[in-house]
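Along the sequence shown, the residues carry numbers beginning at 1.
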Amino acid sequence: FAERGIYRPGEKVHLKGLVRQRKLGALSALTRGKVTVAVAGPRGKELATLEPRLTGFGTFSAELTVPADADLGTYSAHATVQGEGGELTYDASFRVEEYRAPQFQVDVVGLPPSLVAGEAVSGQVRARYLFGGAMPGAAVRWAVTRSTVDFQPPGHDAFSFGAHVWGWDDGEPEPSGDVPAAGQGETDAAGVLAVNAGTAEATGGRTWSYVLEAEVADVNRQRLANRAAVTVHPASAYAGVRRREAGFAEAGKPATLEVVAVAPGGQRVEKLTVALEVKRREWKWIRKKGAGGEWYTDSEVKEEKVGGCALSSAATPAECAFTPKEPGLYVAEATLTDEKGRKQTTKMPFYAVGSGWVSWERGDTSRLDLVPDRQKYEPGDTAKLLVKSPWPEAEAILTVEREGVSAARRVKLAGAAATLEVPIGEDAIPNVFVSVVAVRGRQAVKADTADAGADPGRPEVKVGYAQLRVEKRS
């Protein structure tokens, strides 16, 4: 890395590097040898090749002077060094530009930390000289851009907020963004331009970040810009949902869903209406013939309401009792209505395990989905993994891996929602990977007459991986 990011032609660039190598999960400093650093300009032309030596702390430093007639743009520094297990490479960059120190300062002020849909987006652009005087009559160009963001009210990590089903089975929506407002003007006698950018909107019920950016030009045509951001919430509070019980739910056993209403600042909000629905999700799939004559599997999701409650928020979590009758994926959908009729929806998925058939989503790959019952584990815990098997029964090999296989055993999978247990030891910190290779032998299945080349009863192999994160809490 360089000691600063930008230089003028003719200035000296100081580069610094730290070399570490990883072996069996442990990092160690490389303290002997020579490093080759190749510096190239923005057009790929080599500027210099430096050969600093490593210090006893596993660091190196080098310097070079940028020529007075150097090309402007981004320069690259590529470092290589021979490690114990092979060549190590590192990359950095810095810019060379002709620039002059600014003579004035631009600030964007007046935006609150957050807004709720329907409220006005307004702020001020202030320009002043660095010696303290205001900049009257300065030309200003401004624009408001917005993009979707994830939001979690502080202090409620145990609850789910927003629609995050895509972390389980839905495809994650693409980030959205646009420019809802733009304009230009001049600063007044106090060096201030007031900006009114219309009304905030939370399109799609999602949380948005609005950014007001302004560029100011002085009489010498020097331009400076600044920006400020505000978070726009779909309602004055968010519905938070969690299951009281840890791990997977079990088919036929009662479960309790807890719901809270939380303001963006983290405060609990009372007496808001929350409609909670519990839906069971399954997939219907068929084989289709594509345009090129190839057959493929097409899956379509189906949801069925299987429970729910009408709740009113309070200082303590409101409770809704629910008993899953079958294994599978369930989605708890809580829709909150605030005091002005604005709505916010949270979707929390959870799995129920047990005997019985589940029609999971299918594709034409050999992938097998594994789902851990927790986000993190501690040494001494026992992790449970849901195996989303496409077969009623199968033989499988389970391995625990990280830079090699630390444990392996043969297991039998019974049903579409079987669980496997993996003990967590001290050596699993910070993570291990669990692999399941499932095998189904040949089956007596009637062939599809439409797809003459198909062999639906053929032996199949599917492979799944899951990462288990492990932390030791003091």
*Val411 and Val436, any side-chain heavy atoms less than 4.5 Å apart*: no
*Would you say the side chain of Lys388 lies within less than 4.5 Å of the side chain of Tyr351, judging by non-hydrogen atoms?*
yes
*Can you find a heavy atom in the side chain of Trp285 that is under 4.5 Å from one in the side chain of Asp298?*
no
*Electrostatic pair Glu63:Lys16 at N-O distance under 4.0 angstrom*: no
_Minimum heavy-atom distance between Ala189 and Ala134, given as atom pair plus value_ = O-CB, 4.0 Å
*To the nearest 0.5 Å, tell me how far Ile424 CD1 sits from Lys376 NZ.*
14.5 Å
*Are Glu333 and Lys279 close enough for a salt bridge, meaning some N to O gap below 4.0 Å?*
yes
*Looking only at atom types and distance, does a side-chain atom of Arg362 sit under 3.5 Å from a main-chain N or O of Thr297, one as donor and one as acceptor?*
no
*Would you say Arg374's side chain and Ala246's backbone share a donor-acceptor pair under 3.5 angstrom?*
no
*Shortest non-hydrogen contact from Pro180 toward Val144*: CD-O, 3.0 Å
*asked:* Before you tell me yes or no, could you show the steps for Asp107 and Gln105 under side-chain hydrogen bond (donor to acceptor under 3.5 Å, both in side chains), namely the whole-Å CA-CA distance, both residues' side-chain angles and the distance that decides it to 0.1 Å?
replied: CA-CA 7 Å; Asp107 294 302; Gln105 178 177 329; 3.0 Å; yes
*Checking side chain to side chain contact (heavy atoms under 4.5 Å, CB included) for the pair Arg100/Asn220: CA distance, chi angles, key distance, verdict?*
CA-CA 12 Å; Arg100 56 192 174 97; Asn220 297 319; 4.2 Å; yes
*asked:* Taking the side chain as everything from C-beta on, heavy atoms only, tell me whether Val301 gets closer than 4.5 Å to Arg281.
replied: yes
*Got a donor-acceptor contact below 3.5 angstrom from the Thr346 side chain to the Gly240 backbone?*
no
_Where at least one partner belongs to residues 133-148, residue pairs that pass salt bridge (Lys or Arg N to Asp or Glu O under 4.0 Å), sequence neighbours excluded_ = Arg141-Glu215, Arg146-Asp178
*asked:* A side-chain contact here means heavy atoms from C-beta on lying under 4.5 Å apart; do Phe433 and Leu370 qualify?
replied: no
*Taking only Lys NZ, Arg NE, NH1 and NH2, and the carboxylate oxygens of Asp or Glu, determine whether Glu471 and Arg469 approach each other closer than 4.0 Å.*
no
_So for atom CD, which belongs to Glu294, do other residues, nucleotides or ligands contribute more than 12 heavy atoms lying within a distance under 6.0 Å?_
no
*Give a yes or no on this: more than 12 heavy atoms of other residues, nucleotides or ligands lie within 6.0 Å of atom CZ of Arg8.*
yes
*Can Arg287 and Asp364 be counted as an ion pair, charged N to O under 4.0 angstrom?*
yes
*Would you sort out whether Tyr330 and Phe350 count as a ring pair (Phe, Tyr, Trp, His ring centres under 6.0 Å), showing the intermediate values?*
CA-CA 5 Å; Tyr330 292 81; Phe350 63 95; 5.7 Å; yes
*Ignoring hydrogens and geometry, is there a side-chain-to-backbone donor-acceptor pair from Asp188 to Ala190 under 3.5 Å?*
yes
_Taking the six-membered ring for Trp, are Phe161 and Phe151 closer than 6.0 Å centroid to centroid?_
no
_Keeping Thr199 on the side-chain end and Ala120 on the backbone end, is there a donor-acceptor pair under 3.5 Å?_
no
*Around Arg4, counting heavy atoms of other residues, nucleotides and ligands shown, do more than 12 lie under 6.0 Å from its CZ?*
yes
*Any donor and acceptor pair, going by atom type alone, linking the side chain of Thr382 with main-chain N or O of Pro423 inside 3.5 Å?*
no
*Would the number of heavy atoms belonging to other residues, nucleotides or ligands and lying under 6.0 Å from CD of Glu401 be above 12?*
yes
*Would the number of heavy atoms belonging to other residues, nucleotides or ligands and lying under 6.0 Å from CZ of Arg342 be above 12?*
yes
_Side-chain (Gln21) to main-chain (Glu84) donor-acceptor, under 3.5 angstrom_ = yes
*Hey, are the side chains of Trp208 and Thr231 touching, using non-hydrogen atoms and a 4.5 Å cut-off?*
no
_Passing candidate, side-chain contact (heavy atoms from CB on, under 4.5 Å) with Tyr238, options Leu336, Thr207, Asp338, Val260_ = Thr207
*asked:* Please find the pair of heavy atoms, one from Pro372 and one from Ala466, that lie closest to each other, and give the distance.
replied: CG-CB, 4.3 Å
*To the nearest 0.5 Å, tell me how far Ser236 OG sits from Lys340 NZ.*
8.5 Å
_Tell me whether the rings of Tyr129 and Phe131 are parallel (<30°), tilted (30 to 60°) or perpendicular (>60°)._
parallel
*Rounded distance [0.5 Å steps], CG in Leu50 versus CG in Leu15*: 7.0 Å
*Considering non-hydrogen atoms only, spot the tightest contact between Ala79 and Val37 and give its length.*
CB-CG2, 4.1 Å
*What distance separates Glu282 CD from Trp360 CH2, expressed to the nearest 0.5 Å?*
8.5 Å
*Main-chain N/O of Met135 paired to Thr187 side chain as donor or acceptor, under 3.5 Å*: yes
*So do Pro9 and Leu72 actually touch side chain to side chain, heavy atoms under 4.5 Å?*
yes
_Worked check of side chain to side chain contact (heavy atoms under 4.5 Å, CB included) between Leu212 and Val195_ = CA-CA 9 Å; Leu212 171 58; Val195 174; 4.0 Å; yes
*Once you round to the nearest 0.5 Å, how far does NZ of Lys34 lie from CD of Gln82?*
12.5 Å
*Can you check side chain to side chain contact (heavy atoms under 4.5 Å, CB included) on Val216 and Val125, steps first, answer last?*
CA-CA 9 Å; Val216 179; Val125 180; 4.0 Å; yes
_Pair Thr89-Glu87, side-chain donor/acceptor within less than 3.5 Å_ = no
*For the pair Ser366 (side chain) and Val463 (backbone), establish whether a donor and an acceptor sit closer than 3.5 Å, ignoring hydrogens and angles.*
no
*Applying side-chain hydrogen bond (donor to acceptor under 3.5 Å, both in side chains), run through Tyr296 and Lys289 and close with a yes or a no.*
CA-CA 6 Å; Tyr296 67 96; Lys289 190 174 184 179; over 6 Å; no
*Mark yes when over 12 heavy atoms from residues, nucleotides or ligands other than Lys347 sit less than 6.0 Å from its NZ; otherwise mark no.*
no
*Could you tell me the separation between the CG atom of Leu30 and the CG atom of Leu54, rounded to the nearest 0.5 Å?*
5.5 Å
*Measure across Ala217 and Ala138 and return the closest heavy-atom pair with its distance rounded to 0.1 Å.*
O-CB, 3.8 Å
_Trace of the side chain to side chain contact (heavy atoms under 4.5 Å, CB included) decision for Thr55 with Arg53_ = CA-CA 7 Å; Thr55 69; Arg53 299 198 67 84; over 6 Å; no
*Among residues two or more places apart or on two chains, list those pairs meeting salt bridge (Lys or Arg N to Asp or Glu O under 4.0 Å) that have a residue in residues 117-131.*
none
*May I ask you to decide if Ser406's main-chain N or O and Arg402's side chain share a donor-acceptor pair within less than 3.5 Å?*
no
*With the side chain counted from C-beta on, respond yes when Arg268 and Pro317 share a heavy-atom pair under 4.5 Å apart, and no when they do not.*
yes
*For Arg440 and Arg458, which heavy atoms make the closest approach, and how far apart are they?*
NH2-O, 2.9 Å
*Is Arg95 close enough and on-axis enough to Tyr75, meaning under 6.0 Å and within 45°, for cation-pi?*
no
